[in-house]
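Written out below as structure tokens is the structure these notes cover.
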2 protein chains.
Amino acid sequence: MTDLLERLRERGWRLTPQRRVVAEVLRGDHVHLSAEAVHGLAQQRLPEISLATVYNTLNELVSLGEVAEVTAGDGPKRYDPNVAETHQHLVCVRCNHLLDVRPEGAQNLGLPPEERHGYQILDIRLLFRGICPKCLEDPTSG
Amino acid sequence: MTDLLERLRERGWRLTPQRRVVAEVLRGDHVHLSAEAVHGLAQQRLPEISLATVYNTLNELVSLGEVAEVTAGDGPKRYDPNVAETHQHLVCVRCNHLLDVRPEGAQNLGLPPEERHGYQILDIRLLFRGICPKCLEDPTSG
DNA sequence: GTATATGCAAAGCATTTGCATTAAA
DNA sequence: TTTAATGCAAATGCTTTGCATATAC
């Protein structure tokens, strides 16, 4: 597993300070940042980076397959750099907190032929929804 | 299984022409309409119905548990009146076409205790992503 | 030097909201 | 009669886009 930035350079990615900072902010295995959050963290290193550039860069990383978009619960999309190891997500329906999970039984999931309706299946996404410990305790929010 | 409108009346739902029309448009088992689409169909029966009312009504049906919101792929949410029978969805990543499916193995899915992170699990959503037959044939879109 | 990324501001789309009016119960 | 729903238009939140400028290669 080579480094993200190195992989990108190999793929002919034009490396600007903005792009490097976005890629750096997205390093790690349990990262699920919104575009705004990426922007905020990126600005700490590069104050003049614009939100539009963050969006452009994120979209590019997604289409390069280096980052996954996570749509779960309300609010903005989140961006997950961990595309190497298959995993699924657990989201709090109350506060939208998001976590990686490895469910059991997921490898035995499938669509029987008569349920495929002629589709070519690409992947399966699982979303576990629940209430996080913090929200379970908190009497105010819910 | 009583009728949706009857159930709603029993629950003290104030029955207006607008609400009745929205509920009628959402009858059926393989219905996945966007709010715009519901509005369009509703207007055929009741030309003066507003989009805001359609949104209000849909949200209410969702919080009453009579309709499920489906977020899959790009574009607007879709509304699924089939809450009686558990099912999952298959979406075309190219054209967003959406279908109900009953996967095998879904009943054996679960999060082992050490993967629950203190969450109380409410439900599991599965999304099968693929390419629909129409898009598989069509050389232009993709 | 040339192609491409950036920043800005404006536009876009889906959805929600405030408020005066209307209508269901 | 009272309480709640409607319609409108404006506001919101997230994301994309057009275009002139700047910059990586």
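All of these numbers come straight from a predicted model, not from anything done at the bench. Only heavy atoms go into these numbers, but all of them, side chains included; no hydrogens, no water, no symmetry mates.
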key: Residue of the set B:Asn59, B:Thr57, B:Val62 for which side chain to side chain contact (heavy atoms under 4.5 Å, CB included) holds with B:Val67   = B:Val62
request  = Write down the distance between CG (B:Leu8) and P (D:dA5), rounded to a whole number of angstrom.
outcome  = 13 Å
query = Hey, is CZ on B:Arg9 packed in by over 12 heavy atoms from elsewhere, all under 6.0 Å?
reply = no
message = With a 4.0 Å limit, can you tell me whether A:Tyr55 has a side-chain N or O closer than that to the phosphate oxygens OP1/OP2 of D:dT16?
response = no
query = Could you state the NZ-C1' distance from A:Lys77 to C:dA14, rounded to the nearest angstrom?
reply = 13 Å
message = Surrounding NE2 of A:His87 (heavy atoms of other residues, nucleotides or ligands, distance under 6.0 Å), is the total greater than 12?
response = yes
request  = Tell me which nucleotide among D:dA5, C:dT6, D:dT15 gets nearest to the side chain of A:Asn56.
outcome  = C:dT6
query = Once you round it to whole Å, what is the distance between P of D:dC14 and CD of A:Glu36?
reply = 7 Å
Which atom of A:Ala23 lies closest to which atom of A:Leu5, heavy atoms considered = CB-CD2, 3.6 Å
ask   = Hey, does the side chain of A:Asn59 come within less than 4.0 Å of D:dT16's phosphate (OP1/OP2), counting only N and O?
value = yes
inquiry  = Tell me if a side-chain donor or acceptor on A:Glu115 pairs with a main-chain N or O of B:Arg102 at a distance below 3.5 Å.
reply    = yes
ask   = Taking the inter-plane angle between the rings of A:His32 and A:His89 on a 0 to 90° scale, is it parallel (under 30°), tilted (30 to 60°) or perpendicular (over 60°)?
value = perpendicular
I'd like a list of close polar pairs between nucleotides 1-4 of chain C and the protein, N/O only, cut-off under 3.5 Å.
{"residue": "C:dA3", "atom": "N3", "partner": "A:Arg14", "partner atom": "NH2", "Å": "3.1"}
{"residue": "C:dT4", "atom": "O4'", "partner": "A:Arg14", "partner atom": "NH1", "Å": "2.3"}

message = Return whichever of B:Pro17 or B:Tyr79 has its heavy-atom-nearest nucleotide of DNA chain C closer to the 5' end.
response = B:Tyr79
task = Assess whether atom NE2 of A:His97 is packed by more than 12 heavy atoms of other residues, nucleotides or ligands within 6.0 Å.
result = no
key: Under 3.5 Å: donor-acceptor pair, side chain of B:Arg125, backbone of A:Arg129   = no
ask   = So, is A:Gln18 close to the C:dG7 phosphate, meaning a side-chain N or O under 4.0 Å from OP1 or OP2?
value = yes
Residue B:Pro76, side-chain heavy atoms: nucleotide from C:dA14, C:dA5, C:dT6 that is nearest = C:dA14
ask   = Atom CG of B:Leu64 and atom P of D:dA5: how far apart are they, to the nearest Å?
value = 11 Å
task = Measure from CH2 on B:Trp13 to C1' on D:dT6 and round the result to the nearest Å.
result = 13 Å
inquiry  = Rounded to whole Å, please give me the gap between CZ in B:Arg20 and P in C:dA24.
reply    = 9 Å
inquiry  = D:dA4, OP1 or OP2 - any side-chain N/O from B:Thr16 closer than 4.0 Å?
reply    = no
inquiry  = Without decimals, in angstroms, what is the distance between A:Leu58 CG and D:dC14 C1'?
reply    = 13 Å
key: Other residues, nucleotides, ligands: >12 heavy atoms within 6.0 Å of A:Asp74 CG   = no
request  = Give, ordered by number, those residues of residues 39-54 of chain B having at least one heavy-atom distance below 4.0 Å to an atom of DNA chain D; if nothing qualifies, reply none.
outcome  = B:Glu48, B:Ile49, B:Ser50, B:Ala52, B:Thr53
message = In whole Å, I'd like the distance from the CG atom of B:Asp74 to the C1' atom of D:dC14.
response = 13 Å
key: Option passing side chain to side chain contact (heavy atoms under 4.5 Å, CB included) with A:Val91 (candidates A:Val101, A:Asn96, A:Leu99)   = A:Asn96
